[in-house]
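Here is the structure we will look at, set down as structure tokens.
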Amino acid sequence: MDVARGTGSGRPPAVAVVGSMNIDLIAYAQRAPGPGETVIGDRFQSGFGGKGANQAVMARLLGAKVAFVGALGDDPYATMTLENFARLGVDASGVMRVVGSSGVAPIWVEADGTNRIIVVSGANDLVTPEHATEAVSAMARVDVAVGQFEIPQAVTAAGFAAARARGAVTILNPAPAAPILPALLAVTDWLIPNEVEFAAIGGSGADPTDAEFSAYARGTGTRLVVTLGSRGAALVGVDGRVARVPAEPVAAVDTTGAGDAFVGAFAVGMALGLPELDALRLGIACASDSVTRPGTQSSFPDPAAAAAILARIGRPG
Ligand code: ATP
Ligand code: RIB
């Protein structure tokens with residue numbers, strides 16, 4: 001299921017993800033319980049998650065060559081995660097093993113698709129900067145490197161620095177929201193928060209304006225995309241102008257992992273050399289498709305559907 005780059009090289013784009021792996025434990029209920037309350041749920045589903053793993057899998061489903069850097073524990077969840085990567089063709093040679101539990105994420109999804117997530121990091125917290133540097137440096141090629149905030153930021157910074165030294169573009173999804181370490185910002189080309197994360201890192205209100213997006217990108221010296229849920233996403237151009245692209249109109253049943261589908265797909269668009277707005281459209285199309293199905297990675301378009309989306313958005317000439 002490989003797709004060739006548009007650079008004339010005929011090679012699939014190479015994406016490195018430095019990030020987290022979790023097992024998602026998802027309870028679906030009409031509404032989430034309040035403090036001290038118990039509600040009876042409708043359904044339960046477990047599956048593969050973690051922002052890093054989700055973004056890696058979305059990139060792989062679009063045909064990229066994907067290599068993962070992170071840490072798993074010594075429990076059955078670790079074995080299951082490695083089997084999932086092997087089945088999909090994600091290179092896990094950069095995954096280190098530690099003693100203890102792998103990451104887990106209990107998730108509540110309400111009837112309207114709204115989710116609430118608790119991440120218990122486990123092994124994700126124990127990956128080291130030295131390991132990230134070594135693993136990224138050992139990769140055959142890296143066109144784009146992707147990171148999030150579910151592993152220590154110093155590790156992502158080390159992985160990004162190694163990727164940049166090899167000419168890669170770096171994309172940081174600052175999720176869950178936290179202040180960004182200057183050392184990480186210094187090696188980040190693109191930032192992709194959602195609106196809530198943007199408000200936290202950019203100090204804006206709940207409904208940020210184009211002027212706030214533009215000012216933040218100028219201030220950080222990075223490129224900026226902000227995902228806006230059912231309203232799509234906004235991209236700050238090199239000239240500071242903001243383009244807003246609407247989401248595809250769909251009936252959302254579960255938005256868990258939608259942001260990850262967006263980031264993984266946008267990364268492939270960039271690695272393919274698509275025009276930025278087409279990379280944005282690719283992200284939106286994959287993410288909007290994913291919200292129509294339950295689960296996290298299980299909601300992503302399959303390889304045939306992902307290839308159809310890529311063909312619809314356009315390939316580089
Ligand atoms: P997550 O629920 O995974 O935490 P997120 O908050 O990181 O997602 P959002 O900004 O909510 O990210 O959504 C990412 C993308 O998913 C949007 O840009 C859009 O393309 C798609 N999306 C999310 N919700 C909807 C929806 N209700 N209808 C259509 N598309 C949606
Ligand atoms: O973005 C969704 C992801 O957040 C889930 O897969 C969960 O594991 C948490 O990392």
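Atoms within each ligand, like the ligands themselves, are counted from 1 in listed order. Nothing here was measured: the structure is a model prediction, and the numbers come from that model.
Here the side chain of S121 pairs no donor or acceptor atom with the backbone of N124 at under 3.5 angstrom.
Where the criterion is an N or O separation shorter than 3.5 Å, residue side chain and backbone included, T255 meets it with respect to ligand 1. Considering backbone and side-chain N/O of F262, none are found under 3.5 Å from N/O of ligand 1. Annotation: A287 places no N or O atom under 3.5 Å from an N or O atom of ligand 1; distance criterion only. Considering both main-chain and side-chain atoms, E248 never comes within under 3.5 Å of ligand 1 through any nitrogen or oxygen pair. At least one N/O-N/O distance between G232 and ligand 1 falls below 3.5 Å.
Less than 4.0 angstrom separates some heavy atom of A105 from each of these atoms of ligand 2: 7 (C), 8 (O). Numbered from 1 in the order shown, with element, the atoms of ligand 1 that lie under 4.0 Å from a heavy atom of L228 read 10 (O). Heavy-atom proximity to T296, at under 4.0 Å, picks out these atoms of ligand 2: 6 (O). For ligand 2, the atoms lying closer than 4.0 Å to a non-hydrogen atom of V119 are 9 (C), 10 (O).
Atom 2 (C) of ligand 2 has as its closest protein heavy atom D260 OD2, 3.3 Å. Counting only heavy atoms of the protein, atom 30 (N) of ligand 1 lies nearest to S288 OG, 3.0 Å. If you check which protein heavy atom lies closest to atom 5 (C) of ligand 2, you get D24 OD2, 3.3 Å. At the shortest separation from atom 6 (O) of ligand 1 among protein heavy atoms lies N194 ND2, 2.8 Å. Nearest non-hydrogen protein atom to atom 4 (O) of ligand 2 is K51 NZ, 3.3 Å.
Residue contacts with ligand 2: S20 is excluded, as none of its non-hydrogen atoms falls under 4.0 Å. In this structure, N115 is part of the shell of residues with a heavy atom less than 4.0 angstrom from ligand 1.
Between W190 and F266, the ring planes lie perpendicular to each other; the angle is over 60°, past the 30° to 60° tilted range.
By the definition of a contact as any protein heavy atom under 4.0 Å away, atom 12 (O) of ligand 1 is in contact.
Taking each of I284, N54, T227, V263 in turn, the one with a heavy atom nearest to atom 10 (O) of ligand 1 proves to be T227. Closest to atom 19 (C) of ligand 1 by heavy atom, among G259, G229, A258, is G229.
Taking the charged nitrogens against the carboxylate oxygens, R244 and D210 do have a contact shorter than 4.0 Å, which makes a salt bridge.
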